[in-house]
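Below is one structure, written out as structure tokens, with a few remarks after it.
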Amino acid sequence: MILSIEWGGFFMKLILCEDYDELSSKAAQIVAEQLKAKPDSVLGLATGATPVGMYRILVQMNRKKEIDFSKVKSFNLDEYYPISDANTQSYHYFMKENLFSKIDILPENTHILNGLADDPEAECERFEEMIESSGGIDLQVLGIGQNGHIGFNEPSVTLNSKTHLTPLTESTINANSRFFERYEDVPRQALTMGMGTIFRAKKIILLASGENKNKVVSELMNSDINTSVPATMLKLHPDVTLICDKTAYMSQYLGVDIGGTEIKFGVVDSSHKLVHRESIQTNCTNEKKLIGDIADKCREIMEKYPIAHIGVGTPGIIHDNKVAAVNLPFNNTELEKKLSSYLDMPVKVSNDANCAALGEAVCGAGKSAKNIIMITIGTGIGGGIIIGGKIYQGRGNAGEIGHMCIQIGGKECSCGLRGCWERYASVSALVENAEKAAKDNVDSVLHSIYNKNGELNGKLIFEALEKKCPAAQAVFSEYLHYLAAGIDSLILIFDPDMIVLSGGITGAGDKLINPLLKYVKSDIPIKISSLKSDAGIYGAALMGE
Ligand code: F6R
């Protein structure tokens with residue numbers, strides 16, 4: 001799969017391969033094309049585990065006389081310092097073993113920095129001059145370190161432009177210790193081409209393979225150019241192709257949050273960054289149209305981002321993987337099955353409140369907690385239960401906390417039961433009681449606000465509270481009393497690390513939380529959602545992790 005990635009106005013080609021074998025053959029193909037187009041090409045070469053497969057294929061091609069190295073010149077990116085050519089871990093040894101001794105390249109045309117140079121500075125200068133006098137590098141092959149280094153240009157506040165001697169970071173010493181018998185044997189310094197040397201290559205291929213490159217590839221793709229991930233500098237080069245296998249790349253998840261008026265789509269990467277976000281209007285004509293719209297948008301996003309998994313949050317009740325939602329054309333709809341088969345990839349569906357809770361638990365207000373209850377206060381009350389960092393769904397429908405009974409024989413609820421918590425502690429309940437109080441207390445501030453606006457809402461009730469209106473204060477106290485009673489019950493049942501509140505009313509911030517804390521008996525932290533309306537897409541996406 002070949003994609004073009006845009007990075008703030010710059011484009012980079014990405015070749016996404018199924019596995020390491022495909023990556024190796026794609027990279028070898030590019031080198032072969034270069035040699036066919038220009039037999040006396042100057043190649044910049046890398047060592048490390050990643051290019052080994054590519055070298056193996058180039059050797060085979062050379063043996064079959066498909067490519068010819070007899071006029072090729074090569075310059076290697078780097079060499080440890082100090083190290084002798086004979087050391088089996090030296091890059092001299094590596095290149096001889098993996099390529100030079102097996103192809104028809106002339107030894108005098110291969111150049112690797114001298115790991116025992118008495119004067120490393122002079123050696124670096126000599127190397128730069130040789131690259132220059134050979135006409136410059138036509139094609140540079142690069143690997144990428146887990147810390148984002150290229151060559152041995154390690155993350156730093158400033159990057160060196162020319163070939164230089166550099167200390168190695170702890171992360172690189174650790175990563176490279178796999179090649180040495182003992183950790184202490186890994187050299188602490190290296191000679192390396194500088195960023196400017198690499199940058200002057202006419203064409204660059206950057207190879208990344210394996211899960212341990214997942215995070216750095218994601219950083220490379222999604223961060224601005226910065227010296228702490230040196231590879232991001234390549235975004236400024238006009239001809240770079242990133243060749244990646246799926247394990248290095250597939251760290252992006254697509255989250256879909258279905259709502260009654262809009263459907264939100266978001267791509268979340270392995271560092272939990274929302275790297276793409278968009279939405280479409282919900283068209284409720286019928287089930288087929290709605291699922292078709294979702295699938296079309298997912299497909300469009302999948303063309304730009306190689307998505308590993310799709311998660312969907314939907315309102316409604318989910319039983320036996322069938323969704324029934326009042327405001328959507330889902331009537332025992334097998335949403336998971338239908339979307340998975342349309343999109344030909346795994347799709348997971350959960351209740352939208354559960355998804356929002358997962359989003360908050362993994363990357364929002366509940367980040368530090370393993371067990372959280374998220375309470376969404378709106379027209380009704382929704383909930384999400386996260387236990388051990390995972391959604392608790394019960395048989396599919398757990399978390400309907402708005403319908404737990406708080407008053408036997410109490411107010412009638414739309415669900416058919418009586419005394420449900422949401423009839424007392426939702427914003428609708430607060431507004432209903434405030435409007436009644438406004439009508440009953442004609443001299444109150446609440447009454448005049450009600451009269452002026454023809455209705456009340458959460459914001460107007462807080463306006464009356466600001467003005468210390470006793471009628472509003474009485475309604476609000478009763479409201480908090482019920483809200484706190486429900487929260488205390490949930491804490492008693494689940495003993496969570498944290499309660500997270502969301503919904504429009506939480507915009508009141510401390511004006512809601514501070515008085516609420518006076519009513520709640522438990523001392524478990526109560527926080528307000530930090531991801532706000534994006535919590536659902538985060539959580540839906542992260543169901544794939
Ligand atoms: C090697 C080099 C390094 C490696 C990088 C990735 O010449 O310059 O930048 O490309 O450390 O190494 P592997 O491929 O072993 O993961």
Side-chain angles (χ1 to χ4, degrees), residues 260-261 327 353 365 373-383 401-491 499-523 525-530 532-533:
T261 49
N327 298 323
I373 309 284
M374 176 148 159
I375 303 169
T376 307
I377 310 164
T379 320
I381 291 190
I401 55 177
H403 297 281
M404 64 181 176
C405 182
I406 203 127
Q407 185 97 59
I408 300 279
K411 292 183 194 175
E412 214 171 288
C413 182
S414 59
C415 71
L417 299 171
R418 279 186 174 274
C420 295
W421 189 30
E422 69 174 36
R423 291 296 286 117
Y424 300 85
S426 63
V427 176
S428 314
L430 175 65
V431 169
E432 192 182 307
N433 291 339
E435 287 187 345
K436 185 171 176 304
K439 284 179 203 150
D440 291 348
N441 297 279
V442 289
D443 296 331
S444 66
V445 172
L446 195 62
H447 180 83
S448 62
I449 293 179
Y450 178 53
N451 254 5
K452 193 172 140 206
N453 294 279
E455 61 167 9
L456 285 177
N457 57 34
K459 218 167 153 205
L460 294 172
I461 296 168
F462 275 95
E463 202 179 304
L465 288 168
E466 281 285 290
K467 293 182 176 152
K468 308 238 174 307
C469 167
Q473 279 170 338
V475 169
F476 193 52
S477 298
E478 190 187 59
Y479 171 77
L480 292 175
H481 187 85
Y482 278 109
L483 185 57
I487 291 175
D488 273 326
S489 301
L490 291 169
I491 292 174
I499 296 283
V500 179
L501 301 183
S502 74
I505 194 169
T506 59
D510 288 347
K511 289 182 191 141
L512 171 72
I513 296 291
N514 291 342
L516 175 64
L517 288 178
K518 295 196 181 120
Y519 287 83
V520 176
K521 292 193 183 68
S522 161
D523 57 0
I526 300 182
K527 289 199 180 173
I528 289 176
S529 137
S530 64
K532 307 283 174 212
S533 58

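Values reported hereafter were calculated over all heavy atoms of this structure, with side chains retained and with hydrogens, waters and symmetry mates removed.
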Report task. For Arg418 and Gly410, indicate whether the former's side chain and the latter's backbone hold a donor-acceptor pair under 3.5 Å. Result -> yes
Query raised in the report: Is it true that a side-chain atom of Asp488 and a backbone atom of Lys521 form a donor plus acceptor pair closer than 3.5 Å?
Result: yes
Report task. First locate atom CD1 of Ile377, then atom OG of Ser502, and finally report the distance between them rounded to the nearest 0.5 Å. Result -> 7.5 Å
Report summary line: The reported gap from CG in Asp523 to CG in Leu517 (rounded to nearest 0.5 angstrom) is 10.5 Å
Report summary line: For Asn457 and Leu460, the nearest pair of non-hydrogen atoms, with its separation, is OD1-N, 2.8 Å
Report task. Answer yes or no: are there more than 12 heavy-atom neighbours, outside Glu412 itself, under 6.0 Å from its atom CD? Result -> no
Query raised in the report: Backbone N or O of Glu422 within a donor-acceptor pair of the Ser426 side chain at under 3.5 Å?
Result: yes
Query raised in the report: If you look at every heavy atom in Ile401 and Trp421, which pair is closest and at what distance?
Result: O-CE3, 3.5 Å
Query raised in the report: Where do Glu478 and Asn433 land on the side-chain contact (heavy atoms from CB on, under 4.5 Å) test, with the steps shown first?
Result: CA-CA 9 Å; Glu478 190 187 59; Asn433 291 339; 3.8 Å; yes
**Report entry** Shortest non-hydrogen contact from Cys420 toward Cys415
**Finding:** SG-SG, 3.7 Å
Report summary line: One should read off an interatomic distance between His481 NE2 and Lys518 NZ, to the nearest 0.5 angstrom, of 16.0 Å
Query raised in the report: If you round to the nearest 0.5 Å, how far is CD1 of Ile513 from CD1 of Ile528?
Result: 4.0 Å
**Report entry** Nearest-0.5 Å distance, CG of residue Leu465 to OG of residue Ser477
**Finding:** 8.5 Å
Requested in this report: State, to 0.1 Å, how close Leu456 and Glu435 come at their nearest heavy-atom pair, and which atoms those are.
Outcome: N-OE2, 3.0 Å
Report task. May I ask you to check whether over 12 heavy atoms, not counting those of Asn451, lie within 6.0 Å of atom CG? Result -> yes
Query raised in the report: Short question: side chain of Tyr479, backbone of Ala425 - any donor-acceptor pair under 3.5 Å?
Result: yes
Query raised in the report: Which heavy atom of Ala484 sits nearest a heavy atom of Tyr519, and at what distance?
Result: CB-CB, 3.4 Å
Query raised in the report: Should Ile487 and Leu516 count as side-chain neighbours, where that means a heavy-atom distance under 4.5 Å?
Result: yes
**Report entry** Gap separating the CG atom of Leu483 from the CG atom of Leu430, nearest 0.5 angstrom
**Finding:** 10.0 Å
Query raised in the report: Does any N or O in the side chain of Tyr424 come within less than 3.5 Å of the main-chain N or O of Lys411, such that one atom is a donor and the other an acceptor?
Result: yes
Report summary line: Looking only at heavy atoms, the pair that brings Asn441 and Ala471 closest together is ND2-CB, 3.9 Å
